[in-house]
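Step one of this worksheet: look at the structure below.
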Amino acid sequence: MKQWFETLDDDIWFPSDEAGVQEVGFIRRVLRLRRGHQVLDAPCGAGRIAVHLAKAGCCVTGVDRNKRFIDSAGAQFQRERLTGTFAVNDLRQIDFSAAFHGVFSWFASFGYFSDSENADLLQRYARALRRGGRLLIDQPNREHILRNFERVQVEGRVIMRGRWDQKAQRLIVRRVIDGTQDPRNTSSMRLYTPRQMQALYEQAGLVLEDRYGSEEGDRYTRSSPHMISVGRKP
Ligand SMILES: C[S@@+](CC[C@H](N)C(=O)[O-])C[C@H]1O[C@@H](n2cnc3c(N)ncnc32)[C@H](O)[C@@H]1O
């Protein structure tokens with residue numbers, strides 16, 4: 001059976017490629033990426049971030065479970081004569097070893113699996129890093145969401161009805177799209193506190209170095225919209 005993210009149209013998933021320019025500037029800076037560096041973008045979606053990284057001279061590997069996205073990223077790279085490798089795979093099965101200078105999970109893509117699978121994925125990201133390499137994970141900031149909880153949010157064609165499951169520490173969102181409620185369009189995202197995320201990094205052998213609150217590079221505070229964690233493999 002399809003999962004919730006596979007039933008959504010592409011235009012509901014992604015901001016424009018242009019928005020990626022600013023996001024990539026931040027990602028390159030905090031991961032300290034330079035020309036020729038190997039980078040893992042997982043999940044990469046249709047490559048809207050990867051394309052700008054490749055233009056900046058990085059060698060990108062992108063992984064996503066959605067074949068349509070991977071095909072589209074590959075086609076764009078071919079058209080623009082960029083170098084990159086794209087593979088259809090489930091994040092829970094990625095298996096790289098000491099291959100990358102930087103690894104990142106961007107645009108609220110971490111936390112959708114079970115708690116043990118989330119922790120295991122972070123270990124896989126860590127294994128994929130070379131020594132001295134850095135991992136970035138971008139999550140919505142739990143504190144911000146809970147303090148400003150909006151039960152109903154409307155974004156274009158989508159009405160989202162959210163609730164917080166205190167016991168599981170998860171944000172459950174039901175989506176009504178173009179007036180239709182499909183039970184498959186319900187997501188459950190584990191939101192981590194800064195301390196819990198730091199523990200996940202440390203269990204994976206990484207040193208948490210920085211925490212940012214937005215893609216503009218603001219310091220993380222309790223009222224930041226994002227919690228962007230950056231850790232280094234010693
Ligand atoms: C919110 S999008 C973000 C994509 C990209 N990071 C960006 O900034 O545009 C989340 C992506 O996760 C992918 N995805 C969801 N579950 C996955 C899984 N189990 N394994 C691999 N990719 C997955 C979806 O196909 C989608 O492209």
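Counting starts at 1 for both ligands and their atoms, following the listed order.
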Close approach of [X] to ligand 1, heavy atoms, under 4.0 angstrom:
X      : value
Val63  : no
Arg92  : yes
Phe104 : no

Which atoms of ligand 1 are found less than 4.0 Å from any heavy atom of [X]?
X      : result
Trp106 : 3 (C), 6 (N), 8 (O)
Asn89  : 20 (N), 21 (C)
Phe69  : 25 (O), 27 (O)
Pro43  : 4 (C), 5 (C), 6 (N), 11 (C), 12 (O), 13 (C), 22 (N)
Gly45  : 4 (C), 27 (O)
Phe113 : 18 (C), 19 (N)
Asp90  : 19 (N), 20 (N)

Shortest heavy-atom approach to [atom] - which of [options]:
atom                    : options                : value
atom 20 (N) of ligand 1 : Leu91, Val88, Ile27    : Leu91
atom 26 (C) of ligand 1 : Ile94, Ile70, Asp64    : Asp64
atom 3 (C) of ligand 1  : Ser105, Ser109, Ser187 : Ser109

Leu121 side chain near Tyr112 side chain, heavy-atom distance below 4.5 Å: no

Any Arg65 side-chain heavy atom under 4.5 Å of Arg92 side chain: yes

Ion pair check, Arg170 and Asp115, cut-off under 4.0 Å: yes

Step-by-step salt bridge (charged side-chain N to carboxylate O under 4.0 Å, His left out) determination, Asp182 to Arg175: CA-CA 8 Å; Asp182 180 337; Arg175 292 173 180 74; over 6 Å; no

Geometric N/O contact Arg65 with ligand 1, under 3.5 angstrom: yes

Asn66 N/O to ligand 1 N/O under 3.5 Å: no

Residue part near ligand 1, for Tyr112, under 4.0 Å between non-hydrogen atoms: neither

Using atom types as modelled and distance alone, determine if a side-chain donor or acceptor of [X] lies under 3.5 Å from a backbone N or O of [Y].
X      : Y      : answer
Lys233 : Gly205 : no
Asp138 : Ile228 : no
Gln139 : Arg190 : yes

Whether Phe77 and Phe86 hold their rings parallel, tilted or perpendicular, with breakpoints at 30° and 60°: perpendicular

Atom of Arg174, atom of Thr186 and distance for their closest heavy-atom approach: CG-OG1, 3.4 Å

Neighbour count above 12 (heavy atom, 6.0 Å) for Gln78 CD: no

